[in-house]
Each structure stands twice: as C-alpha cells, then as structure tokens.
Student: 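Following this message is one structure expressed as structure tokens.
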Number of protein chains: 2
Amino acid sequence: MGRWEPDARGRLARVALELYAERGFEQTTVEDIAERAGVTERTYFRHFADKREVLFDGSAALQSLVVDAIRDAPAGRSAVEVAAEAFASAGALIEERHEFARRRAAVIAANPSLQERELYKLASLTSAATAALVARGIPQPTAALAASLGVTAFSLAFETWVADESSADLSSTIRTTLAALREVATT
Amino acid sequence: MGRWEPDARGRLARVALELYAERGFEQTTVEDIAERAGVTERTYFRHFADKREVLFDGSAALQSLVVDAIRDAPAGRSAVEVAAEAFASAGALIEERHEFARRRAAVIAANPSLQERELYKLASLTSAATAALVARGIPQPTAALAASLGVTAFSLAFETWVADESSADLSSTIRTTLAALREVATT
DNA sequence: GTCTATAGGGCGATAGAC
DNA sequence: GTCTATCGCCCTATAGAC
C-alpha cells in the first residue's frame, strides 16, 4: 500500500456532496471536506478551484458528449434536430447516475451561489454546442439559437425529471420538452 | 447640510462601476469603493449583500417592468406574443441608459463571477415572467416555455446590441431575435 | 506547507430625522 | 421617545501568494 490512499479527487467529490447534503453548503468548510477525505485543505485547492467547483467535476464530460454527438450526427439534419439528439444523449449519461444526479440537484437547489455556478456551466455548454454546430457548417446566428433551444429544453426537462421520481426517463423528457418548446414557439 | 452626503447607495454604485472598469473587478477591494464614495466598508455591506451585487441594482426594476407588461398586455394574445412584447419594453428601459448599460456589460464580460451573477438574475427574470404568465391564466408548462423563449431572445439580442454600436435599437433587436428563434424552432 | 489579504457576517454604539 | 443610516471592531473562511 502506498503512502496515500489513491483517488483523492474522487474521495473529495464524494465527501463534499455528503457534507453539503448533511449540514448544508454554507455550514461546511473546505477544511471539513479535506479532513473527512483524509487530505489537507491545500490538496483540496490543488484539485478544485474553489469551494463550489467540486460539485461540477462531471460537466466537462457532459460537454464533450454533447459536442461529439453534434459532430457525429448524420448529415442533412436541421440545427434543432441535431441539437435535440445531442442533448438527449447527454440525458442518458445523467440517467446512468440518477441517484447521484438527484442528490446533487437537491444540494444545488438549496444554495443560490451553487445555482449561479450551475447556470454558468449551462452557458458554457451553450457556447460549446454553438461552436460544434458552426463546425458542421451551420451559420453562426442559427447555431446560437438552436443551441439555446437545446439547452433550454435540457434544463427544463431536468427540472421536471428531478421533481418527479416516477416520470419518464430523462432523454425522452428532453425530447418531449423540446417538442413542446417548438409547439409554443409557433403559436 | 447633514452629517452625511445623501444617496450613499447611488454613489457606491457609480463608484463601483468606475473602479471595476478602471482597474478590473478583482483588483478592486470593497474598501476602495467605500473610500472613494466617502463611506466605510461596513456601510457598503449594509446596502449590497456582496461585492458583485452593486452592479445589479437595476435588475429589480427591470423585472417589475417585465412583470407589469405581461399583466397589462391585451387579452387574447398567445404566451410568446405577450412575452415578446414584455421583453421588448424591457429593452426600451435599457436603451434609455445605453451608455451605462454598455460600460456595465464590458465589466461583466471581463469576469466570470460577474457573469454567474448575471445569469442568476436572468434566471430570476424567467421565473418572474413565468409566474406573471400563469397569473394571466396560461398553463404552467406553456408559461415556463414562453418565458424561457423570451429571456433567451432578450439575452441573445442584448449580446448583439452590445457588440455592435451601430446596430438597431434594442427593442427591435429583441423582436427580430425572437422571430429568428421561432423560425429556427420550426425548421 | 506556510502566510496573508479580503470577503463578509455579528454586534453594539452613535448620530441624525421624525 | 422611535426609526433608520452610519460606523467601529470583532471574527472566520476562502483563496491566492510565496
């Protein structure tokens, strides 16, 4: 056995969610997290830029998934269709860790500064999706609009899915939400 | 003359924008702002919850304007049409202080934590608009979708308007952006 | 790993308006 | 007297610097 337990980063992320859920975000110090994970506070900040970022470790992977799905979508589809499928596949990724996703969502919902970070990540996702659509040859303004529609559907669908345990799976909720969005837009 | 100059809050807001523009948000301390405004740091925090909030003093007024416009819209219009007009009138309010709005936007664009707060305010605006649409008798899910479309158009239009000095006025940019959004959605 | 500046909250004192 | 704005000094945790 080595001098340190492996996967300090993963332990920090798990422990942070635990503590934020137990006592609340503000009532937890970074030192509390580091201690329970068996590392120093300094080590926490080597892995995560700030106290909030530990809850957003998965967002880069989610973004890659969306970008790749847009790149690999069959040719000849409209911008919204491509975006819709890309975000539906992102929904599938979340579905795989649905228990984690729901716990994490509850923690975020309880704290405004975490909501701010979440919204920032969604905005980054919109930018990345826009760029990926542009790379497919879709003109900039159209790409930005389609990406915005996709992220809006994604985020409204996620809210629905989190609120209702027994609802449909996230991917299909995203698809139906986007369909509803298109319906409302045309009215 | 009283012991204090009047309108400490307004002075703090003006001075903060000045300093954030001059030296950058991170290079400015709350003490710097308080000092230049002729109050103490403690007084700053009585008026504004944190270092960022001073740039968002107008958002409550903007939100009221949108909510009132939704309430007062003529009957018989669709949810998106009502939302569109409400956000266009919000655009007119910003247009009145366009120089301030552009300076403020530049400061926010230069700092991620300010962007986070901006996104949070936009999300609050979405919630408020949704509630106002529901109060008109529009069913919840439709209201949420229409409000999201409105805020998306508002925010994309604002980006365009800020980027291009010589562009059309903000209200009409919002209208054309929403029209483009509806067009893209139906494709 | 150690050190330090700053954000930001708590509490009580003070000074004015009414 | 009350109500409200300002101030001073205490404190801790975050987060960056060295």
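We name chains A, B, ... by the order of the sequence lines, and we start the count at 1 in each one. The structure displayed is predicted, hence computed values, not measured ones.
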Student: Hey, is the side chain of B:T43 poking within less than 4.0 Å of OP1 or OP2 on D:dT6, counting only N and O atoms?
Tutor: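 For D:dT6, OP1/OP2 do not have a side-chain N/O of B:T43 under 4.0 Å.
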
Student: Indicate for each nucleotide in nucleotides 3-12 of chain C, in 5' to 3' sequence, whether protein heavy atoms under 4.0 Å reach the base (B), only the sugar-phosphate (S), or nothing (-).
Tutor: ---SSBSBB-

Student: Quick one: list whatever passes side-chain hydrogen bond (donor to acceptor under 3.5 Å, both in side chains) with B:S78, sequence neighbours left out.
Tutor: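 Once residues adjacent in sequence are excluded, the partners of B:S78 under the side-chain hydrogen bond (donor to acceptor under 3.5 Å, both in side chains) criterion are B:E81.
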
Student: With each end axis built from five pairs of C1' atoms, what bend angle do you get for the helix from C:dG1-D:dC18 to C:dC18-D:dG1? Round to 10°.
Tutor: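 If I round to tens, the end axes sit 20° apart.
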
Student: Identify, residue by residue, the members of residues 18-27 of chain B with a heavy atom below 4.0 Å from DNA chain C, and return them in order of residue number, or none.
Tutor: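 The stretch gives none, as no residue of it lies under 4.0 Å from the strand.
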
Student: With sequence neighbours left out, write down each residue that passes side-chain contact (heavy atoms from CB on, under 4.5 Å) with B:A90, or none if nothing qualifies.
Tutor: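 In terms of side-chain contact (heavy atoms from CB on, under 4.5 Å), with neighbours along the sequence ignored, B:A90 is linked to B:L62, B:L65, B:V66, B:F154.
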
Student: Kindly state each residue pair satisfying salt bridge (Lys or Arg N to Asp or Glu O under 4.0 Å) with at least one member in residues 158-168 of chain A, sequence neighbours excluded.
Tutor: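 Qualifying pairs, neighbours excluded: A:R102-A:E165.
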
Student: Would you mind reading off the distance between B:R9 atom CZ and D:dT6 atom P, rounded to a whole angstrom?
Tutor: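 Taking atom P of D:dT6 as the reference, CZ of B:R9 is at 11 Å.
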
Student: Applying salt bridge (Lys or Arg N to Asp or Glu O under 4.0 Å) as the test, list every pair that has at least one member in residues 40-55 of chain B; sequence neighbours left out.
Tutor: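 As it turns out, the salt bridge (Lys or Arg N to Asp or Glu O under 4.0 Å) pairs with a partner in residues 40-55 of chain B, which skip direct neighbours, are A:E116-B:R52, B:D50-B:R117, B:E53-B:R117, B:E53-B:K121.
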
Student: My understanding is that only residues two or more places apart in sequence, or in another chain, count here; which of them pass ring-ring contact (aromatic ring centres under 6.0 Å, His included) with B:F158?
Tutor: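 Only B:W161 meet the ring-ring contact (aromatic ring centres under 6.0 Å, His included) criterion with B:F158.
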
Student: Does a side-chain N or O from B:H47 land closer than 4.0 Å to OP1 or OP2 of D:dA5, or not?
Tutor: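 Negative; the distance criterion is not met.
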
Student: Rounded to whole angstrom units, what separation is found between the OH atom of B:Y44 and the P atom of D:dG8?
Tutor: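 Distance check: B:Y44 OH to D:dG8 P gives 19 Å.
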
Student: Is a side-chain N or O of A:D57 found less than 3.5 angstrom from the main chain of A:V54, in a donor-acceptor match?
Tutor: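 Pair absent, no side-chain N/O of A:D57 close to backbone of A:V54.
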
Student: List the residues meeting side-chain hydrogen bond (donor to acceptor under 3.5 Å, both in side chains) with A:S113, not counting sequence neighbours, and say none if there are none.
Tutor: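 side-chain hydrogen bond (donor to acceptor under 3.5 Å, both in side chains) check on A:S113 returns A:N111.
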
Student: Under the salt bridge (Lys or Arg N to Asp or Glu O under 4.0 Å) rule, collect the residues that match up with A:R11, sequence neighbours excluded.
Tutor: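 Counting only residues at least two positions away or on another chain, A:R11 forms no salt bridge (Lys or Arg N to Asp or Glu O under 4.0 Å).
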
Student: Show every salt bridge (Lys or Arg N to Asp or Glu O under 4.0 Å) that has at least one partner inside residues 174-187 of chain A, sequence neighbours left out.
Tutor: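 As it turns out, the salt bridge (Lys or Arg N to Asp or Glu O under 4.0 Å) pairs with a partner in residues 174-187 of chain A, which skip direct neighbours, are A:E85-A:R175.
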
Student: Among all residues two or more places apart in sequence or in another chain, which pass the ring-ring contact (aromatic ring centres under 6.0 Å, His included) test with B:F25?
Tutor: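 B:F25 satisfies ring-ring contact (aromatic ring centres under 6.0 Å, His included) with B:Y20 once adjacent residues are dropped.
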
